[in-house]
Amino acid sequence: MAYSELRTTENSIKTSTQLNKKNIQNGNKDDFFARKQRLAQQRKSLPIASVEKRLVEEVRKNDTLIIVGETGSGKTTQLPQFLFNGGFCREGKVIGVTQPRRVAAVTVAKRVAEECGVELGQRVGYSIRFEDMTSNSTRIKYMTDGLLLREALLDPFLSRYAVIIVDEAHERTVHTDVLLGLLKNVQKARSQSSSQQCNTEKNKSHNNSAMDDNENSQCFSLLIPCQGRKYPPLKLIIMSASLDAKGFSDYFGGAKAVHIQGRQHPVDILYTLHAERDFLEAALITVFQIHLEEGPGDILVFLTGQEEIESMERLVKDRVQQLPEDKHKIQTVPIFSSLPSEQQMLVFRPAPSGFRKVILATNIAETSVTIPGIKYVIDPGLVKARCYNPRTGMESLITIPTSKAQALQRSGRAGREGPGKCFRLYPESEFAKLADSTVPEIKRCNLSNVILQLKALGVDDIIGFDFMEKPSRMAIVKSLEHLFLLGALTDDYKLSNPVGNQMARLPLDPIYAKSLILASEFNCLEEMLITVAMLSVDSIFYTPREKMKEARDAKKSFASQEGDHLTLMNVFRTSAEFLEKRKMSGSKDKTAERSLGKWCRDNFINSRSLKHARDIHSQIRGHVEQMGLRVTSCGDEMLQFRRCLAASFFLNAALKQPDGSYRALANSQIVRIHPSSVFFRTKPECIIFNELVRTNDDFIRNITRIDPLWLPELAPQYFAAQS
DNA sequence: GAGCACTGC
């Protein structure tokens, strides 16, 4: 295939010695000191090290600072240490650093603890869902941004923190965007609380005297809990890898932005001369072009989904047979999120000697997973993205062109260990037409959860909330209506008590949170806890292409005639009984867990999803018990449980049509039962469902049969007017 | 008889 001239994007800076994994495990004293010395050397050689004093000074001078740091600058690990040494943790205050992903929070915290020579969980720690590695002495705390949002519900002023660093802000996840808005309010309120004494007597009710103008009225509600208390100003640092700091700076009132040099090797970017019609074929040709003409080094190919990855794998294997025998040494390795972890791990294993590894990946390899040894990247310029239509309330996945930022992120994967090459399968003129950055997630998702959180944080005027980028009015109104129908909001759209408050405290989809509250009244909270935990995770059933029949039979053994909800519950309970038996018979916890892994494989269950569901189950159980909800079981009274499902998910009720499709009662939309449902063949007259996704058709998933007469009985406020 | 980018509480 023809490519245009090579172009060099970034300057090369030599990297220091790589870490030697072996030495970490060795408790040997010499190794310990050698490693310590090496760590210190590495720290000193980071681009950020030379500007330590200046950075600390800038943070002292500016309440908000934007830091643009390229990959490898060391900003995430070093800046918190600089600030700690600079005295920002006086009086027991904490430096919080947020990350969009759990793995990042954990690995960075471990690294920093080691650099500081302290035990993880002491001065340096991390906190993510299901795992808290912090203590009273923790001063540098890495955490996920979603977790900090949850913390804000309990401590609206984030009073423990002197500094909050929002890392990877350019990724613009929903959590990051909500957090930025919240932090802006907290910062404003805290600087006012320290400059202006709150008047405890006068401010019992909503009273604007503590604020200068209406624009500030939103942080007023945040002020209430701090009445009479004083807080030091909150230092805010927004760190981004994208070169465009202006958006963040503008949002924070013209905050100062500083730039820190990165340390990437140069990556040559090549474009095709013409637009390619078939990107799979173009990628295939490029793989072999690299294999035959370029030096050693592994290839990373970005594809849109599992299906493309699997067909690409077959194509490479077929095509390699046409080459002379001495050119056969290619090994393909797929990676995507729903792949079982053991198979995911294979991408990290070096290819056999003399072989070239070709990694076929979704955008899991863009940020979440860093694979060593990549020298070549092939980027067709496409990505599958979630879209939300607020009018229909429907989510869908569509393939769209990447943004420039995303293309840059992908090409950067070729320059982590040495100079690399990136082949973009489109002409350079097309690159110029790409959007600069990806549309923030908050503009393309259902907002019910976001709104419930904001309401619980005291933000009543959602439409007036100062989002960095405002979601559409329609999306906001739609979600407000939805929350109102669930009973989370009152007639004047305030958070209801106790229902709305309880729902906001549960880390679940609002509709699932509501179902738990209802279940305690229906005496089936035990069952509903299991159900919502199982509904909250990715697909539980795993169906490998080559073992379809076995997988289907395994699934049948769990199937319930009542529907998918009870089927999921059967899986959960059977696995729990299995684990219990193992532990009773004297197996250690670890051994029992391992045999659960085998049980999962035998039953074609995705063990990662099941583990996740078990974690959610125990976490949520703790929450509902704390709230004082009664956790009781309906035993064999499945009718009672199905009635509770109907009462919970009445917004998703549907009636069978003569042609076997269904009509959703809420909006008369015609939908079809997904083939993964137990009701794909035997179709009941009336059902409730949990998920509506558009793929080749408008499919509904997770379905239970109900009696249509229950609907007006259990949700009269909704169905009375309609019948 | 389908096919599910990726995170997160």
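Below, chain A is the first sequence line, B the second, and so on; all start at residue 1. Since the model is a prediction, treat every value here as computed from it, not as a measurement.
Screening A/Ile511, A/Ile703, A/Thr704 against A/Phe649 for a side-chain contact (heavy atoms from CB on, under 4.5 Å) leaves a single residue, A/Ile511.
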Original post:
For A/Tyr161 and A/Lys141, what are the C-alpha separation, side-chain angles and deciding distance, and is it a side-chain hydrogen bond (donor to acceptor under 3.5 Å, both in side chains)?
Top reply: CA-CA 10 Å; A/Tyr161 299 96; A/Lys141 174 173 166 185; 3.1 Å; yes

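Backbone-only engagement by A/Thr144 is indicated by non-hydrogen atom pairs under 4.0 Å involving sugar-phosphate atoms exclusively. At a threshold of 4.0 angstrom between heavy atoms, the contacts of A/Arg701 include nucleobase atoms, whether or not backbone atoms are also involved. Residue contacts for A/Met143: at a heavy-atom cut-off of 4.0 Å it reaches no nucleic acid atom on any strand shown. Using a 4.0 Å heavy-atom distance criterion, A/Arg552 is classed as a base contact. Contacts of A/Arg101 with the nucleic acid, taken as non-hydrogen atoms under 4.0 Å apart, involve only primed sugar atoms and P, OP1 or OP2. When heavy atoms are screened at a 4.0 angstrom cut-off, A/Arg681 is found touching base atoms of the nucleic acid. A/Ser368 comes within 4.0 angstrom of the backbone, heavy atoms only, and of no base.
With A/Glu308 contributing its side chain and A/Leu280 its backbone, the two residues share no donor-acceptor pair below 3.5 Å. A/Asp659 contributes a side-chain N or O that, together with a main-chain N or O of A/Ser661, makes up a donor-acceptor pair within less than 3.5 Å. The closest donor-acceptor contact from the side chain of A/Glu441 to the backbone of A/Val174 lies under 3.5 Å.
Under the 6.0 Å distance and 45° angle rule, A/Arg410 counts as a cation-pi partner of A/Phe302. A cation-pi contact, defined as under 6.0 Å to the ring centre and within 45° of the axis, is absent between A/Lys656 and A/Tyr662.
Shown here are the side-chain contact (heavy atoms from CB on, under 4.5 Å) partners of A/Leu153, two or more places apart in sequence or in another chain: A/Arg150, A/Gln453, A/Ala456, A/Leu457.
Nearest-nucleotide positions on DNA chain B place A/Ser337 closer to the 5' end than the other of A/Ser337 and A/Arg129. Residue order along DNA chain B, read from the 5' end via each residue's closest nucleotide, puts A/Thr304 first among A/Asp145 and A/Thr304.
For DNA chain B, no stem formed by at least three consecutive Watson-Crick or G-U pairs, with both atom-pair distances below 3.5 Å, is detected.
Reading DNA chain B from its 5' end, the first and the last nucleotide to sit under 4.0 Å from a heavy atom of chain A are B/dG1 to B/dC9.
Heavy atoms of other residues, nucleotides or ligands lying less than 6.0 angstrom from NZ of A/Lys611 number 12 at most.
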